[in-house]
Amino acid sequence: PATTASSEDQDHDTAAGGYRVGICGAGSIGLAMAAWLLRPSHHSNKTNQVMIWSPTWSFKPQAAPQSPIEDSDHPERRIPPWQQEETTQQRQQGQNQESQTPTENWLTVTGPVSHSCAPLVAQSGQQLMEQSDIILVAMPANGHKALFDQVMIPHLQPGRHVVILSSQASLGAWYLQMQLRQKQQQQYDSHNQNQQHPTIPNIPIVAWATTLCTARRTSSTSVQIHTVRKRVDWCLISTTQPAWEDDDQQQLVSQEMQQLQNQLFHPPQQYDNDNDEKNVTPTEFHLSTSLWSISLANLNPQNHLAIVLGNISRMERGESWHQLHHTTPLLGNLLQQLDLERRAIAQLLLTPSEYQALKTLHQHFQQGFGSSSSSGISPNDKPEDPDELPHISDVFQEIYQQGRDVLGPSSTDTRYVTEDVPYGLALTVELGNLVGRPAVLHAASMQIMSALYQTDFAAQNDLLKALQLSQRFGRENYREDSSWQEALRRAGQTGQLPSLPSEMLAEESVEQTMIRTTSNRARP
């Protein structure tokens with residue numbers, strides 16, 4: 001993979017061998033990403049390997065061919081010595097799995113690209129990890145922690161793998177980073193008990209604020225891509241310890257990840273005369289400096305909430321309806337108030353430059369569906385007075401009139417609720433409480449959704465439970481508000497979370513014990 005190779009090496013490797021991409025998830029986004037990477041206009045589609053795996057997918061069109069993975073095949077696949085024995089054992093276990101060579105194109109995609117392709121299908125998560133270098137997570141957020149714990153953390157290898165979270169939810173990138181750091185440190189400690197610790201090799205984690213496209217799976221073998229986003233905000237999380245040795249190293253890895261995304265998802269293209277993809281604007285991958293920014297740039301949870309609250313009976317009755325068309329002016333009022341809450345929290349959590357770069361509600365839809373001509377506002381305009389903006393419902397109706405609206409959920413069992421409420425709205429509520437700006441509407445809406453579905457959505461978020469943000473960033477842990485705010489912003493920018501109070505007490509206890517022991521030895 002293009003993790004640390006030079007630009008010339010990256011171009012050579014892409015042309016010669018392509019990328020080996022493993023996609024976790026076989027829903028609408030997983031299938032859409034596979035089809036997008038294997039589209040005919042992709043300059044390296046003949047050499048790209050795209051493999052799919054899902055723990056819940058019942059349809060298995062074909063298994064991926066099993067081939068030994070030699071770490072020496074690529075100069076940048078440097079497996080640390082304390083992981084080599086484990087890697088060899090994993091490879092031997094994976095080779096015992098039965099597999100077969102794909103025989104025909106089984107996945108059909110329509111939309112900006114229309115073609116058929118044959119992504120490989122892994123028989124297990126372990127096989128996906130072993131035969132892929134770039135791991136793209138395209139699963140619902142309620143499956144992320146289990147995926148991290150059971151599949152990714154045991155098999156990801158520093159110096160070789162790159163992880164792309166599409167999209168990152170409930171600070172899952174932090175959880176993955178923390179667990180990988182802990183595992184790598186433990187492995188290193190057991191292998192080098194009496195040696196000074198060097199920098200642990202890196203597994204870059206690229207966290208997206210949203211998905212590259214919007215799509216709907218029409219069957220187990222077909223998917224329709226509705227739109228390809230004009231912009232995707234992302235940030236880089238490092239698993240090295242310390243987070244970065246210096247700013248130059250961080251900038252270098254960021255540039256390499258930027259180049260990797262550009263080459264992988266929007267390479268130079270050659271079109272046939274009848275190819276519809278020539279009308280697609282290449283996605284701009286916009287680097288953000290903070291995971292807080294990425295998290296607050298995900299507007300889907302609040303947007304889907306307003307859509308669902310106003311159309312829950314249509315979903316329950318299985319009706320066919322266009323979601324933006326049925327987001328009426330009153331629902332638009334709710335949506336705009338939800339966005340004001342999000343931005344008020346962001347203003348307290350982000351630096352001024354980060355806040356200025358944060359997308360508004362209008363920008364989100366203009367960048368996702370195209371600039372609104374009747375509003376006269378381009379996607380990059382950000383008037384300070386909200387009254388200068390058109391009502392969001394008017395923007396939605398224009399999108400509908402232009403034929404770019406999408407159908408809303410036809411069932412109450414939808415990710416708009418089961419994923420976005422516990423993993424999207426819950427994060428905004430948590431961040432609001434963290435900075436002393438409660439997200440009243442978000443919290444009340446979660447209670448309403450819990451009442452409708454007769455469940456406690458707030459209790460379902462296993463990622464936030466594991467991170468324990470309120471304990472890490474409790475104001476009582478800091479002498480001054482300025483120190484507290486600096487800790488929040490530094491964590492977002494470096495990925496280095498403060499220790500829990502219990503961890504700090506344990507560290508102090510060890511230090512005091514060492515002082516006592518040394519003092520006792522000095523006595524006659």
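Numbering starts at 1 and runs along the sequence shown.
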Item to check | salt bridge (Lys or Arg N to Asp or Glu O under 4.0 Å) evaluation trace for Arg342 with Asp339 | outcome: CA-CA 5 Å; Arg342 175 187 69 96; Asp339 196 57; 2.8 Å; yes
Next on the checklist: Side chains of Phe285 and Gln258, heavy atoms from C-beta outward: is any pair under 4.5 Å?
Outcome noted: yes
Item to check | Residues that Asp420 engages under salt bridge (charged side-chain N to carboxylate O under 4.0 Å, His left out), provided they are two or more places apart | outcome: none
Checklist entry - To the nearest 0.5 Å, what is the distance between CG (Asp233) and OG (Ser288)? => result 6.5 Å
Checklist entry - Checking side-chain hydrogen bond (donor to acceptor under 3.5 Å, both in side chains) for the pair Ser222/Ser219: CA distance, chi angles, key distance, verdict? => result CA-CA 5 Å; Ser222 60; Ser219 74; 2.6 Å; yes
Checklist entry - Can a salt bridge be assigned to the pair Asp462 and Lys145 using a cut-off of 4.0 Å between side-chain N and carboxylate O? => result no
Checklist entry - Can you list the steps and then say if His391 with Asn333 is a side-chain hydrogen bond (donor to acceptor under 3.5 Å, both in side chains)? => result CA-CA 8 Å; His391 195 279; Asn333 291 340; 2.8 Å; yes
Checklist entry - Distance-only, no hydrogens or angles: does the Gln168 side chain make a donor-acceptor pair with backbone N or O of Gly172 under 3.5 Å? => result yes
Next on the checklist: For Arg314, give me all partners under side chain to side chain contact (heavy atoms under 4.5 Å, CB included), at least two apart in sequence or on another chain.
Outcome noted: Asn311, Glu319, Trp321, His326
Checklist entry - For the side-chain contact (heavy atoms from CB on, under 4.5 Å) test, which of His322, His226, His325, Arg216 pairs with Val406? => result His226
Checklist outcome for this item: Result for side-chain contact (heavy atoms from CB on, under 4.5 Å) between Phe396 and one of Leu331, Thr328, Leu335 points to Leu335
Next on the checklist: If we check side-chain contact (heavy atoms from CB on, under 4.5 Å) with Ser238, which of these qualifies: Ile205, Val253, Asn202?
Outcome noted: Asn202
Checklist entry - Excluding sequence neighbours, so at least two apart, what forms side chain to side chain contact (heavy atoms under 4.5 Å, CB included) with Glu284? => result Arg231, His286
Checklist entry - Quick one: are the ring centres of Tyr453 and Phe457 less than 6.0 Å apart? => result yes
Next on the checklist: Using the rule given for ring pair (Phe, Tyr, Trp, His ring centres under 6.0 Å), can you reason through Trp174 versus Phe148, listing the C-alpha separation, both sets of side-chain angles and the distance that settles it, and then say yes or no?
Outcome noted: CA-CA 11 Å; Trp174 265 347; Phe148 296 160; over 10 Å; no
Checklist entry - Between Gln131 (side chain) and Leu128 (backbone), is there a donor-acceptor pair under 3.5 Å? => result no
Item to check | Step-by-step side-chain hydrogen bond (donor to acceptor under 3.5 Å, both in side chains) determination, Asn461 to Ser170 | outcome: CA-CA 8 Å; Asn461 192 316; Ser170 280; 2.8 Å; yes
